[in-house]
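So the structure is just underneath, and the comments pick up after that.
Computed from a predicted structure; not experimentally measured. First the proteins, then the strands, lettered A, B, ... as listed; each starts at 1. Side chains are part of it too, since the values below use all heavy atoms of this structure and drop only hydrogens, waters and symmetry mates.
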There are 2 protein chains.
Amino acid sequence: MIQAVFFDMDDTIYDTSGFAAIARRAAVKSMVHNGLKCSEDEGYECLMEIVKEKGSNYDKHFNILTERINGEEDPLIIVNGIITYHNTKFAMLKLEPESFSILLYLKSKNYKVGLITNGKKLKQWEKLVRLGVYPFFDDVVTSEDVGIEKPDVEIFKIAMDRLNVTADTSIMIGNNFDTDIIGACNAGMQSMIINSDITDEQQELLDKRGYTVKKLNNLIDLMKIL
Amino acid sequence: MIQAVFFDMDDTIYDTSGFAAIARRAAVKSMVHNGLKCSEDEGYECLMEIVKEKGSNYDKHFNILTERINGEEDPLIIVNGIITYHNTKFAMLKLEPESFSILLYLKSKNYKVGLITNGKKLKQWEKLVRLGVYPFFDDVVTSEDVGIEKPDVEIFKIAMDRLNVTADTSIMIGNNFDTDIIGACNAGMQSMIINSDITDEQQELLDKRGYTVKKLNNLIDLMKIL
């Protein structure tokens with residue numbers, strides 16, 4: 001009997017990668033328009049290399065992009081990138097269509113609902129507040145907050161302790177096999193993978209370990225295993 | 001014969017302090033609404049103390065405010081402050097009424113126009129781009145950029161060199177007597193103080209040093225001395 005449902009945030013309840021891709025394309029378009037000496041496709045490709053090198057929480061992607069393409073930093077080009085990126089991101093900010101119904105359903109049935117996310121505390125909280133969904137969550141655990149990242153078993157244990165539930169009554173829902181699913185499995189929880197394709201090998205491993213993995217197309221899939 | 005007009009940015013072409021005060025009040029209101037345990041006035045007063053202690057470019061004012069008032073950081077309260085602050089600031093962002101006409105007038109008369117500002121390069125450029133006035137400026141000098149702050153004479157010399165003008169054909173317009181006016185005076189430029197009251201003592205010093213100080217109420221005042 002499931003009592004608590006834990007969610008991952010990025011690319012699970014919120015299409016972080018999809019929105020970031022569009023916002024970055026918009027930013028590069030504006031930078032090219034303001035003097036970045038390359039095509040929009042070249043600029044975007046170079047930006048993605050920089051994001052890969054530095055990680056998504058680094059705050060000088062556009063400085064480096066300008067330096068690599070033009071040979072020097074240019075504040076006009078950089079701030080046009082920053083402003084367009086933020087304007088686009090905030091204009092698009094909305095929840096995955098299924099997320100709101102699922103959260104509402106869970107609360108109506110008195111499940112405990114938690115969030116376990118790798119990322120910076122305030123950055124992740126800002127998304128929850130801007131999306132307007134933070135009241136759905138009984139608890140939010142960020143890796144920055146507790147100093148441990150998924151798939152470390154400890155972050156899942158902390159999250160369960162905080163909601164006063166045990167692994168055999170908890171399920172983790174996420175998009176990332178290596179962090180969300182493996183971690184939850186090792187913590188003894190059930191889990192469900194969504195927004196992600198898994199290999200036959202992964203599926204085999206999952207079947208052996210005896211916990212559920214499905215693609216979440218609608219509320220029905222979740223209700224079936226609750 | 002004046003050939004180049006240099007402007008300060010904050011509280012000269014843009015009412016930085018006025019807009020920041022409103023945005024901070026809005027932020028505190030939202031924080032109190034979300035659980036900051038004080039009145040709005042108490043919260044604002046405490047925030048202003050923190051800004052004074054840490055400077056306006058520090059990026060954790062709201063963290064400290066939450067910790068001082070509630071005894072601990074609370075991400076929900078902090079991000080509500082941040083989001084409201086930014087939304088309010090961007091909603092209000094506009095030029096001082098006189099600034100646009102003056103910049104347009106100067107360009108129509110082929111004056112060289114520069115900006116000399118103490119502050120972070122990208123933060124200051126972001127204002128110029130969001131305000132839509134950066135095309136008016138032939139050159140922008142930020143203290144971060146050159147590693148020297150007003151009133152140091154060097155920053156004025158660099159600005160004049162970049163526009164290829166001399167001190168006797170340059171005027172500095174700013175709101176701060178101690179940085180803009182004293183600095184420009186020591187660099188041998190004329191100057192004009194605006195948006196600021198000056199003491200009799202300051203006026204006396206200015207008269208002695210033989211350069212012009214006026215309150216800029218409209219274009220006429222500036223045209224008279226050009």
Would you list the atom pairs, donor with acceptor, under 3.5 Å between side chains in residues 83-95 of chain A and any protein atom, with sequence neighbours excluded?
| unit_1 | atom_1 | unit_2 | atom_2 | d |
| --- | --- | --- | --- | --- |
| A:T84 | OG1 | A:S30 | OG | 3.2 |
| A:T84 | OG1 | A:N80 | O | 2.8 |
| A:T88 | OG1 | A:T84 | O | 2.6 |

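Residue B:L76 touches chain A through both its backbone and its side chain, counting heavy-atom pairs closer than 4.5 Å.
Counting heavy-atom neighbours within 6.0 Å of A:K157 NZ, excluding the residue itself, gives a total of 12 or less. For B:E45, the CD atom counts as loosely surrounded, since its 6.0 Å shell holds 12 or fewer non-hydrogen atoms of other residues, nucleotides or ligands. The local environment of CG in A:D168 is crowded, with over 12 non-hydrogen atoms from other residues, nucleotides or ligands closer than 6.0 Å.
For residues 52-72 of chain B, a heavy-atom distance under 4.5 Å to chain A picks out B:N63, given by residue number. Contacts from residues 139-152 of chain B to chain A, taken as heavy-atom pairs separated by less than 4.5 Å, involve no residues at all. Listed in order of number, the residues of residues 118-135 of chain B that approach chain A to under 4.5 Å between heavy atoms are B:K121, B:L122, B:W125, B:E126, B:V129, B:R130, B:Y134.
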